[in-house]
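Heads up: the structure comes next, in structure tokens.
Everything numeric in this text was worked out from a predicted model, so none of it was measured. By convention in this document, chain letters (A, B, ...) are assigned in the order of the sequence lines, proteins followed by strands, and residues within each chain are numbered from 1.
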Number of protein chains: 2
Amino acid sequence: MYKVKEVANLVGVSVRTLHHYDEIELLQPESITPAGYRLYTNQNLKRLQQILFFKEMGISLQQIKNILDRPDFDQLEALRMHEEMLKKKKSRIDTMIQTVQQSIHALEHGNEMEETEMFKGFDMKEIEEHQKRYAEEVRQTYPNDLVKQSEQKTSQYTAQDWKRIKEETNDIYQAIASHMSQGPDDPEVQRNVARWHQFITNNFYDCSIDIFRGLADLYVADERFTKNIDKHKEGLAVFLSEAMIIYCDEQQK
Amino acid sequence: MYKVKEVANLVGVSVRTLHHYDEIELLQPESITPAGYRLYTNQNLKRLQQILFFKEMGISLQQIKNILDRPDFDQLEALRMHEEMLKKKKSRIDTMIQTVQQSIHALEHGNEMEETEMFKGFDMKEIEEHQKRYAEEVRQTYPNDLVKQSEQKTSQYTAQDWKRIKEETNDIYQAIASHMSQGPDDPEVQRNVARWHQFITNNFYDCSIDIFRGLADLYVADERFTKNIDKHKEGLAVFLSEAMIIYCDEQQK
DNA sequence: CATTGACTCTAACGTAACGTGATACTCTAC
DNA sequence: GTAGAGTATCACGTTACGTTAGAGTCAATG
């Protein structure tokens, strides 16, 4: 069992960082003493290691939380991707070292470098590509059979069907959005989440509770979803996601 | 001559980044078209290269500006330090790669890693040390003879002298602080900056205009100075620095 | 010559991930 | 018993842009 400063020293982060991670429920201590002190275990440290690897990859803390909270999170697979990413970062730094050495050489010999040569290595494109790909893999939640089921159903939809679907979607989202101040476990919010669940099963595919839970993650993990949902109301995606998780917890009692 | 998007593409930064650098006077385009378009030259690109190297070192944009604006900025020396820093970053990533490989190995074989082993490489201490040392070297503005002159003078000061010096310092700072809203070129502000200049010469060392200008840089480049001065009023260090530079420009006309 | 799409500008709000400082309680070594 | 280190919460501040909006500019095209 470790106290907060012990963890901070061991790992090389600040106490404030650990407090922050606790606040956002990214890394919550295993237990709390009567005085309110945080106590961390080896299990916490393992999760913290993963967090730091993901951070090194440039993944946001919210996304890291979503990843680590997934029931099907594959630690070994994640470690392999971390290794790949670190090798890419190393390669980028190697390129930058070459650039700086060529810059030194050019300066010492009064030469001019090509513009494209001057900036080799700074480009974050390759790393950002990797981040994107990883995020893409992480949010690949749909089993193929669901995609097929959905495609089978929707391929027969008329424009009228889509209009109805869009209207009902808006209706449900607005109903949930208008109760954001009541909290995600508000009965009215939960009623509409149930509507949403039923709506997906009626119109797209058989949506089990586990799949619905995965969808909740997706709404915040995939910024395209987040953006789209937040068009109804700022912050709705996070709120809806939380409400869906509460709903799933209730259904699975 | 390049337009803003051309530079952005060549270098791998965003247009917004270049706008931002222009706004804070870190990288100002060589010229502006009648339509207000920014035009960059090869000289701008060279400075941008330096900026990106310093950014890679984790130096703040304000500090980068201070460094690059110094008349005695040594580009070759800076490039050498960039190389050194990049090698340290590479070394850190190598350590992290080893950590992740050992983590994979431990997981595959059902072993437990030592806590200290789990977090090797994450620690930014060595890199932060390097940043600090670099910042230290950058703000080493005092020639040794001034330090000696100051030490010679102040070694004879009594407690009464120090009391008087402290009071006069406070007096000058308060006078300047109370005119911050008037702008750094306000006559009253400039009068007190002259007082400050004379005060340093009277009490510490012969303070030439160039040295005074260097001191102005130091007040914002060295966060210990910044913090100390800002105790009088938030933002006073930056304001005083600007006022001192205006004063020096006036003196050197 | 008008149009259009890409590019450019300024302005301003928003954001993530903490740092920092204040205040008060807790714990442990001396 | 005490002092210093460690712990808690709270809340404001910060950096470095991203993003959006609205409007002007430019060059290719029909």
- Identify, with sequence neighbours excluded, every residue that meets salt bridge (charged side-chain N to carboxylate O under 4.0 Å, His left out) alongside A:E6. none
- Are OP1 or OP2 of D:dG18 and a side-chain N or O of B:S14 less than 4.0 angstrom apart? yes
- Check the side chains of B:Q62 and B:N66 for a donor-acceptor pair under 3.5 angstrom, ignoring hydrogens and angles. yes
- Task: Just grab all the salt bridge (Lys or Arg N to Asp or Glu O under 4.0 Å) pairs involving residues 173-184 of chain B, residues at least two apart or on different chains.
- Result: none
- Task: Would you work out how much the helix from C:dC1-D:dG30 to C:dC30-D:dG1 bends between its ends, with each end axis defined by five base pairs, to 10 degrees?
- Result: 20°
- Is the side chain of A:D249 donor-acceptor paired with the backbone N or O of A:I246 at a distance under 3.5 Å, no angle test? no
- Query: Taking only residues two or more places apart in sequence, or in another chain, which ones meet A:E242 in a side chain to side chain donor-acceptor pair (under 3.5 Å)?
  - Reply: none
- Query: What is the distance from NZ of A:K5 to C1' of D:dA8, rounded to the nearest Å?
  - Reply: 14 Å
- Rounded to whole Å, the OH-P distance (B:Y2 to C:dT8) equals 15 Å
- Task: Using atom CD of B:E6 as one end and atom C1' of D:dA27 as the other, report the distance to the nearest whole Å.
- Result: 13 Å
- Protein-nucleotide distance (B:Q63, atom CD; D:dT15, atom P), rounded to Å: 11 Å
- Message: Please report the distance, rounded to the nearest Å, between CD1 in A:I32 and P in D:dT9.
- Response: 8 Å
- Item | nucleotides 9-16 of chain C: protein proximity per nucleotide (B base, S sugar-phosphate only, - neither; heavy atom, under 4.0 Å) | SB-B--S-
- Separation of C:dA17 C1' from A:L26 CG (nearest whole Å): 12 Å
- Output all residues satisfying side chain to side chain donor-acceptor pair (under 3.5 Å) with A:S103, sequence neighbours left out; order by chain, then residue number. B:Q49
- Message: Test your reading of the model: is there a side-chain donor-acceptor pair from B:T17 to the backbone of B:V13, 3.5 Å cut-off?
- Response: no
- Quick one: B:N9 CG to C:dA6 P, roughly how many Å, whole number? 14 Å
- Item | Min side-chain heavy-atom separation B:L27-B:N44 under 4.5 Å | yes
- Task: Whole angstrom is fine here: how far is it from CE in A:M124 over to P in D:dG18?
- Result: 12 Å
- Item | Out of D:dT7, C:dA17, D:dG18, whichever nucleotide has its closest atom nearest the side chain of A:H20 | C:dA17
- Message: Please determine whether a side-chain nitrogen or oxygen atom of A:Y21 lies at a distance below 4.0 Å from atom OP1 or OP2 of C:dA17.
- Response: no
- Phosphate-side-chain proximity, A:K55 and C:dC18, N/O vs OP1/OP2 below 4.0 Å: yes
- Query: What is the ring orientation for A:F212 with A:Y247, classed by angle as parallel under 30°, tilted 30 to 60°, or perpendicular over 60°?
  - Reply: perpendicular
